[in-house]
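Worksheet: one structure, shown below.
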Amino acid sequence: MTEHAENAIATGAESGAIELPPQQDEMPFAIVDGEPITVMPRDLYIPPQALEVFLEAFEGPLDLLLYLIRRQNLDVLDIPIADITRQYMEYIQLMQELDLELAGEYLLMAAMLAEIKSRMLLPRSQFDAGEEDDPRAELVRRLQEYERFKRAAEDIDRLDRLDRDVYQATAELTNRQVIRLLPEVTLQEMLVAFKDVVQRATMFEHLHVQRETLSVRQRMSDVLAMLENSALVEFVKLFRPEEGRLGVCVTFAALLELLREGLIDVVQAEPYAPLHVRRADRNLDASELDDVEITTAS
Amino acid sequence: MNVNQLKNLIEAALLAYGQPLNMDQLRGLFDEVDRPETATVLEALEALARECADRPIELIEVASGWRLQVRGEYAAPLSRLWQERPGRYSRALLETLALIAYRQPITRGEIENVRGVQVNPNIVRTMTERGWIRVVGHREVPGHPELLGTTREFLDYFGLKSLDELPSLAALKDMDDVGIRLEFADTAQAAVADLPAANDAEATV
Amino acid sequence: MNVNQLKNLIEAALLAYGQPLNMDQLRGLFDEVDRPETATVLEALEALARECADRPIELIEVASGWRLQVRGEYAAPLSRLWQERPGRYSRALLETLALIAYRQPITRGEIENVRGVQVNPNIVRTMTERGWIRVVGHREVPGHPELLGTTREFLDYFGLKSLDELPSLAALKDMDDVGIRLEFADTAQAAVADLPAANDAEATV
């Protein structure tokens, strides 16, 4: 609130006359000598409709009280309770005369002011001496608290606001690409799926599910992969001696299994020549027809 | 990628995205192997901020990350680009917002206690729709009233990095000397007070 | 207003507006008395275009006016800004994948024998595109059905050195209860939401 400007006009205001409330602080009536004027001069004629607007500008009884106090350049702590109560009641009366919708809170405040005033008429001894017991203390606390947030609201309103004070800077990006992320799967999810499907299979089809040595299965895939790019691979090259005896056995078992399933052929150009391995799936020649029989027989 | 290239990429990202980007998002522009260190990204951001000094845009950090924005001094001429004027918010809305921002989490009842008037449901709805406030829980008292708090969008909208950056709240005056000052005030006032009630009060207090 | 200030105002307007602005709109930023000549605006636009040479943005003229746009070379690195949230794989896919992993090399027919339903071709395609499975050969039976196996990428994704590291069914039984509970705790909602869809898919394939 621009107290300076307000003081210039409001100081010395005689009680009894009804002063007009300020319009919202951020909307001064005029700028005089660089100072915004937020209070109408008292001698200016105000049509009743405009009066209504001013009265409606109050955000409740605390706002009205605060206005009455500030208009006289008084500290919130220095409330002349009788004077303020009288002025407050005049506003209430005016609001009622203008048929403004008067919230119950205004009347509640009127009652509170009247109570404070009456308590202050009593001799001190009757309301127990002590500073906290001043009947105005609670009102002062509430006024101060309200005023803090009234100010805070004004501060927030002054912050740079997007699309009012500042603008998000944007520039078009043509040929925008969207990356589609792939779902995540955990090993556990897959295992649970496997367990379920195996369980179902056993339940409904009495399919005998036996555990197979994974290492042999793995090696079977490995061998097929090795055969993928070359027509013939030397039999001994499929073995990795550094894997030791177990590794060699696994590879051999994998080769036998692949042979049994008809996935590979083992060929030999002549007796005692090196053995070669090839994929069996490409050309259907006579030897492969034999394999088919073997597979179906097993 | 050197700092200059990184600076350009960040500018491109901020302008193309049109919303604030945080450190994770900026570093996330890169494969893990190429991902720059946080310190490097900060260095590039600083370089970008410096470069903007000669330009009509500025780099600021808000709650959701960094944002390139057109400086406030251009707001007046640029307002002609839009037919609609930006909305004004009522004092009631701003006061309610201030209470939620400074006192969160807070119930409607607590807001009413301070403002002395009922909370207008439309105000709460407007702010919720704008994404500025949300229900953050319920107070464990009869009726389990909703506790309201502000959102990251609220901070972004007002260009704040965190609630700490809100303008500081005026200090309450010390209540201890309220009583004394009240007495002084009334004594001083007695001369001008024209109502018998006030004088009576003076005489007896 | 000199050309440099005009250039800055134009940059501010284009970045704030985010859409092309034509000559009328640019000149309309000014009151009639201050309004610059078309030639002056063009001069400022040229200055802005030159200035952009070192920047990740460029000024181009399109049908509806001038536009500042992020250079095309940034489209690829920025694509990560618009990542789509991933969905979830169906139960059918996980089961098929599990069978291929544990029983490779395996044909579709064999998978169908165990699962009791046809293999959805989309599932095989999805997993092939993901690089988790591939055709490792053909079984020498009539029709020469494809034999499916897992890939190195599959092992990498699940953090396995080799298929030997896949837990055995027996081991799975031990962790059974724990696992189910964990899964439900983690993804209770997602799982519930996911199941009917998965079942539907099963029924229709």
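Please read these numbers as outputs of a predicted model, since none were measured by experiment. Proteins get letters first, then strands, A, B, ... in listed order; numbering begins at 1 in each.
Heavy-atom neighbours of chain C within the stretch residues 16-41 of chain B, taken at a separation under 4.5 angstrom, comprise B:Ala16, B:Tyr17, B:Leu21, B:Gly28, B:Leu29, B:Phe30, B:Asp31. Near-neighbour residues of residues 109-124 of chain B relative to chain C, defined by a heavy atom under 4.5 Å from a heavy atom of that chain, are none.
Between B:Arg55 and C:Glu11 there is a salt bridge, with a side-chain nitrogen of the basic residue lying less than 4.0 Å from a carboxylate oxygen of the acidic one.
Considering CG of C:Asn8 and CG of B:Asp54, their distance stands at 8.5 Å, rounded to 0.5 Å.
Side-chain contact between B:Pro77 and C:Leu9 is present, with at least one heavy-atom pair separated by less than 4.5 Å.
Looking at C:Ile57, the atoms closer than 4.5 Å to chain B (heavy atoms on both sides) all sit in the side chain, from C-beta outward.
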